[in-house]
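As structure tokens, the structure follows; a few thoughts come after it.
Below, each value reflects all heavy atoms present in this structure, side chains not excepted, and no hydrogens, waters or symmetry copies.
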Amino acid sequence: MRLKIIPKQWLYSLVIAALTAFAVGTFLDLPINKMLYRPDSSWASFLYAFGQAPIYWCLLTSGLLLTFKIRTRVFWKNALYILLGILLSVFAVYHPVRYAMKLQIMSTYMVAVSALIVLFLPVAALIFLLRNVEQKRLQQFTVLMLVVSIGSFAAVSLIKVLFQRPRYIALLKEPGLFFQPWWMITEENIIISQKVLTEPDLFRSFPSGHTCSAATILCFTILPLYCEPLAKSRNLLFIGSIGYILLVAFSRMVLGYHFLTDVSAGFMITLLFFIPAYYWTVNGYKKTLALRVKSK
């Protein structure tokens with residue numbers, strides 16, 4: 001049986017493309033943002049509110065699987081899974097709804113309803129597709145989602161604090177600030193930022209959390225392994241995922257929240273977690289198949 005997985009050359013191409021974009025941005029970050037900046041873009045504002053949805057799909061799907069589907073023969077493990085699943089599910093619902101409501105891009109009621117729809121419909125479809133998957137394989141998929149989503153976002157959050165790079169919109173708001181390349185951490189800029197602005201988020205440009213979160217959609221490219229009806233859609237899933245990531249990354253530059261190096265770095269960090277986790281999951285799947293064949 002031939003496994004329907006992402007070809008290695010596709011993943012290598014993603015790494016090369018991200019590194020190339022990063023290299024271009026290193027020299028052309030500021031001119032690119034000046035050319036793209038459109039603060040009133042409605043589609044980019046929508047992605048500002050909901051572009052991070054894939055990371056919450058990963059967390060909510062993992063939470064629901066741990067709460068209701070994944071079980072062992074050990075009572076304390078089951079209790080731990082249920083507790084962890086509930087915590088993940090609550091966070092995955094509360095945090096994106098609260099975040100979208102804070103943006104005030106439309107009425108509070110409409111934002112809350114939209115956030116819940118964007119969150120629950122894909123997760124409901126995922127749970128339905130995984131309804132007949134055996135325990136061992138569900139565990140593998142859950143670990144993949146948690147490692148990629150939590151690991152990449154934690155890494156991005158830490159780097160943001162360490163670099164404190166001003167966003168493009170911060171440069172426009174405060175004439176005392178100056179453009180800071182990703183490789184030049186200037187103490188002077190940090191001191192100025194602390195004096196002139198009270199919004200620390202305006203100094204969290206590098207790397208892009210939205211792009212990192214959007215890139216976790218790659219976790220779902222492994223679904224053809226578990227769902228035979230999706231086997232023929234492997235290429236479509238991969239291409240659609242890359243298109244979505246590019247759209248979110250582009251929207252961040254259009255709104256002036258990130259530079260090209262920011263979004264390419266956010267994408268690379270997710271790839272750093274995704275690629276080894278992906279092949280760990282594929283190898284685990286192969287072992288499961290081998291054990292099944294031996295038992296027969």
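Within the structure, the side chain to side chain donor-acceptor pair (under 3.5 Å) test picks out no pair touching residues 148-163 (sequence neighbours left out). Residue pairs satisfying the salt bridge (charged side-chain N to carboxylate O under 4.0 Å, His left out) criterion with at least one member in residues 23-35, sequence neighbours excluded, are listed as follows: Asp29-Arg165. Within the structure, the salt bridge (charged side-chain N to carboxylate O under 4.0 Å, His left out) test picks out no pair touching residues 270-285 (sequence neighbours left out).
Under the side chain to side chain donor-acceptor pair (under 3.5 Å) criterion, Ser233 pairs with no residue, sequence neighbours left out. Considering only residues two or more places apart in sequence or on other chains, Tyr56 meets the ring-ring contact (aromatic ring centres under 6.0 Å, His included) condition with His95. Partners of Tyr168 according to the ring-ring contact (aromatic ring centres under 6.0 Å, His included) rule, which considers only residues two or more places apart in sequence or in another chain, are Tyr37. Checked against side chain to side chain donor-acceptor pair (under 3.5 Å), Thr211 has the following partners two or more places apart in sequence or in another chain: Ser208. Partners of Arg204 by salt bridge (Lys or Arg N to Asp or Glu O under 4.0 Å), not counting sequence neighbours: none found.
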Let me check something: any side-chain donor-acceptor pairs from residues 78-90 under 3.5 Å, sequence neighbours excluded? List them with distances.
unit_1 : atom_1 : unit_2 : atom_2 : d
Asn78  : OD1    : Thr72  : N      : 2.7
Asn78  : OD1    : Thr72  : OG1    : 3.3
Asn78  : ND2    : Thr72  : O      : 2.9
Asn78  : ND2    : Val74  : O      : 3.4
Ser89  : OG     : Gly85  : O      : 2.8

Contacts table for residues 237-252: side-chain donor-acceptor under 3.5 angstrom, sequence neighbours left out:
unit_1 : atom_1 : unit_2 : atom_2 : d
Ser241 : OG     : Leu237 : O      : 2.7
Tyr244 : OH     : Gly51  : O      : 2.8
Ser251 : OG     : Val248 : O      : 2.6

Throw together a table of side-chain donor-acceptor distances under 3.5 angstrom for residues 8-22, partners on residues two or more places apart or in other chains.
unit_1 : atom_1 : unit_2 : atom_2 : d
Ser13  : OG     : Gln9   : O      : 2.7
Thr20  : OG1    : Ile16  : O      : 2.8

Audit row: His210, Tyr48, ring-ring contact (aromatic ring centres under 6.0 Å, His included) steps and yes/no = CA-CA 8 Å; His210 267 71; Tyr48 183 13; 5.8 Å; yes

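Side-chain contact check for Thr26 and Trp182: at least one donor-acceptor pair (N or O, by modelled atom type) lies under 3.5 Å.
Ile222 and Leu236 fall into different hydrophobic clusters, where Ile, Leu, Val, Met, Phe, Trp and Tyr are joined by side-chain heavy atoms under 4.5 Å apart, directly or via other members.
Once rounded to the nearest 0.5 Å, the distance linking CD1 of Ile150 with CG of Leu59 reads 6.0 Å. Leu271 CG to Tyr278 OH: the interatomic distance, rounded to the nearest 0.5 Å, is 13.0 Å.
Applying the 4.5 Å side-chain rule to ILVMFWY residues, one finds that Tyr94 remains a lone member of its cluster.
Contact check for Phe259 versus Ile32: no side-chain heavy atoms found under the 4.5 Å cut-off.
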